[in-house]
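Right, one structure below, let's go through it.
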Amino acid sequence: MLRELIKENFIKAVLMAGEKGELTGINPENIEQLMIEKPKNTEFGDFAVNISPLAKYAKIPPAKIAEIICNYLDLKDIELSIISGFINFKIKKELLNNCIKEIIVKNNDFGSNNIGNSEKVLLEYVSANPTGPLHIGHGRWAAVGSSLANLLKFSGYNVFQEFYINDAGNQINNLGKSLWIRVLQELGEAANFPEDEKEAKNYYPGDYLIEIAKEYLKNNAEKTAKLRGQNPDSLLPSEEIVTEMSTFAKQLILEDQKRLLSLLGVNFDRWFPETSLHKTNEIKSALEKLKNSGKIYEKEEATWFKSSDFGDDQDRVIIKHDGNYTYLTADIAYHYDKLERGFERLINIWGADHHGYVARIKAAIQALGKDSGCLEVLLGQLVNLIISGEQVRMGKRRKMVTLQELVDDVGVDGTRYWMIMRDINTTLDFDIELAKSCSDENPVYYSQYAHARACSILRTAVSERPDQENKQILPSKVTEQELKTLFDPNFFDIYKLNDLWKTGDLKELDSTRMLILRLESFDDILLNAAKSRAPYMIARYIQDLAKDFHYFYTFTRVLNVNDDVMKARLVLIQATKQVLSNAFKLLGVSAPEKM
RNA sequence: GCGUCUGUAGCUCAGUUGGAUAGAGUAACGGCCUCCGAAGCCGUAGGUCACGCGUUCGAAUCGCGUCAGGCGCACCA
């Protein structure tokens, strides 16, 4: 909030100086580029603006410009100083107190903003195939996606979360064929997956289908026998069998995915099956629209979309020579459907392996007469699994670690935090032993510990305590009621916070200032994170805040000081707890009271 | 070959969109608990920001090129 405050005032001051003719040649765009930064050396101040870039517009020395601007700045409770081309801002204690007050008053809403302005956003993520259990890569998109949804909601967007179920196409047939083999195996027959490598690619040999086969046979023994009788070749099952098998398998797999995501705190507003697009003729009508655009042509017994007219590097087939649609065709219809439903912005989180797809979907949106700028695709790099210090290659059809196994090992909090804490533009090295370790090498615990510690102090403040020397029970430092009143916005007395500064101890003053300035910057961090669609910034902030709090804790006693100082510091503890809790909530990670 | 992401301390990563002496965590070394949680804190050490050229008052950040790695480049999904 302080950064915004300073920025607004700064711009106003420059414009006023311009009007008075004291500063010429500077227009608003020049100032917009100026950043309110944090000085590396805190001696200078808490915030700073570099004036040098303005010199080339104003054609007078930076020091002179700074002086002029300072004369027009109207900032209460902020000290100004000019040092080598910088205007430095030092926040006075009255304003710091006010920051604490704002946190207490805004409570669960502290940090929120309204850059979204109620824009209707459809956020699509995970969208895994229902052909097998979710793996670790899906976990990254699940965690990042749901946390981004929280962040965007907190920033005033109207967010709708959707999971697109790829439940059509060859892969589903392959799933059916694979389950059939597992069913036959369960019946004691010599059925097996093909040896030939090329053929084997059309099957899912994972163990999970064994369980599903058992489940199927529980209720369908007779039906199986009948189907078996008509189809002697286990590798060439009838269409009826494939449909029966795939329908059963995909339903169970989907249920399992839903259960796991829900366990992870990932909740979709809608699960959108690809098959529904086929059933409702939506693909056909989207194709009609495309045809009207004149960007469709026939070649080599197939139908093509001239996507190269819209920036794609080549044209794409949308109806194959056998009359079936490609995956792209359904996806075009899906995105058209999203827009038809009135969403103004579409955000997709895709794995980097799909990046070739972005241009085609954007091309299609344009051909359908919409603005392709409404589609933002966040391409995330993949997850490398590190086991015993070695990279393990992940692959759909080879042995891999499932998301379920990871969650069993690392827990929900650990999984989410680790998946979120890195920029999605970088490949994530997930060291499974490190994340499992629950040790101090694990950043999750470091930050949660700060929250637990804050809670502990508040708990201790209202607890009776034994006195070692006199073997007596001493009363609590404050009563529950007093504490409640202390934090109640309606009774909040900002002047009591002046006691925060009644100390001659430099470490106490320093750690208190640092902590408040960090708390205060939360909304600024969130603004940036939301604009950049980057939840990892929140994880980073939490670690910084935890660091400042631990530092504060080490140098500043809260409970063993006089009552007024103690109460002022308890308010600061409460504010810290509040901000940590708000931040954790956005990540979907718990903020434990005890650990 | 083309597209794209990445390259910063031994390791894992930040770097506020071009600014003051490049920062955290972890690992290494040395310190700090009669007192609110030591799952913590302080200090020391650790760097050719992959490399080269350019843009300007100023570059880890922007442009071009080179090198290395990841991921794509289907009438698969």
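Below, chain A is the first sequence line, B the second, and so on; all start at residue 1.
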pi-stack flag for A/Tyr446 and B/A39, centroid dist under 5.5 Å, interplanar under 30°: no
P spacing across the pair B/C13 / B/U8, given as an integer number of angstrom: 9 Å
Nearest to side-chain heavy atoms of A/Leu382, which nucleotide of B/A20, B/A14, B/C71: B/C71
Nearest-nucleotide pick for A/Thr554, side chain only, options being B/C73, B/C41, B/A39: B/C41
Whole-angstrom distance between B/C57 and B/A38, as gauged at atom C1': 50 Å
Aromatic ring pairing A/Phe584/A/Tyr417, orientation class (parallel under 30°, perpendicular over 60°, tilted between): tilted
B/G72 - base-pair partner by Watson-Crick or wobble geometry, distances under 3.5 Å: B/C2
Distance, P atom - from B/A24 to B/C41, rounded to whole angstrom: 13 Å
B/A45 and B/G30, which share atom name P, separated by this distance in whole Å: 15 Å
Who pairs with B/G40 - Watson-Crick or G-U, where each distance is under 3.5 Å: B/C32
Parallel, tilted or perpendicular: rings of A/His278 and A/Tyr325 (30°, 60°): tilted
Closest to side chain of A/Ile457, choosing from B/C13, B/C36, B/G72: B/C36
Atom P, compared across B/G52 and B/A74: separation rounded to whole Å: 37 Å
Sugar-phosphate only, base, or nothing, as touched by A/Lys477 at under 4.0 Å among non-hydrogen atoms: nothing
Ring center gap for A/Tyr164 and A/Tyr334 short of 6.0 angstrom: yes
A/Arg540 side-chain proximity, nearest of B/C13, B/G19, B/G40: B/C13
P spacing across the pair B/A28 / B/A20, given as an integer number of angstrom: 32 Å
Row check, A/Phe549 ring normal vs A/Arg453 NZ/CZ: under 6.0 Å, within 45°: no
Closest nucleotide among B/G19, B/U6, B/A20 to the A/Asn425 side chain: B/U6
Gap between atoms CZ and C1', on A/Arg557 and B/G37 respectively (whole Å): 11 Å
Check: A/Glu4 side chain, A/Asp524 main-chain N or O, donor-acceptor pair, under 3.5 Å: no
A/Lys177 to A/Tyr203, cation-pi by 6.0 Å centre distance and 45° axis angle: yes
Sugar-phosphate, base or nothing in reach of A/Tyr551, heavy atoms under 4.0 Å: sugar-phosphate
Base of B/A38 and ring of A/His550 stacked, centres under 5.5 Å, planes under 30°: no
Base paired to B/U56 (Watson-Crick or G-U; both N/O distances under 3.5 angstrom): none
Check: A/Tyr357 side chain, B/A77 base, donor-acceptor under 3.5 Å: yes
Among B/A39, B/C42, B/G19, the nucleotide that comes nearest once only the side chain of A/Tyr445 is considered: B/A39
Closest listed nucleotide, where the reference is the side chain of A/Glu274 and the choices are B/A77, B/G19, B/C75: B/A77
Closest to the A/Gln381 side chain, choosing from B/C41, B/G37, B/C5: B/C5
Sugar-phosphate, base or nothing in reach of A/Asn50, heavy atoms under 4.0 Å: base
Touch class at under 4.0 angstrom, heavy-atom based, for A/Asn173 against every strand present: nothing
Proximal nucleotide (of B/C41, B/G37, B/G72) relative to the A/Ala452 side chain: B/G37
Nearest-Å distance for atom pair CZ/P, residues A/Arg360 and B/C73: 8 Å
A/Arg422 side-chain proximity, nearest of B/U12, B/C36, B/C75: B/U12
Sugar-phosphate, base or nothing in reach of A/Asp544, heavy atoms under 4.0 Å: nothing
Considering all heavy atoms, the nearest A/Ala333-A/Glu282 contact: CB-O, 4.1 Å
Partner nucleotide of B/C67 by Watson-Crick or wobble geometry (both distances under 3.5 Å): B/G7
Sugar-phosphate only, base, or nothing, as touched by A/Thr460 at under 4.0 Å among non-hydrogen atoms: sugar-phosphate
Touch class at under 4.0 angstrom, heavy-atom based, for A/Tyr553 against every strand present: base
Same-atom distance (C1') from B/C5 to B/A50, integer angstrom: 16 Å
Euclidean distance for C1', B/G40 against B/G3 (whole angstrom): 48 Å
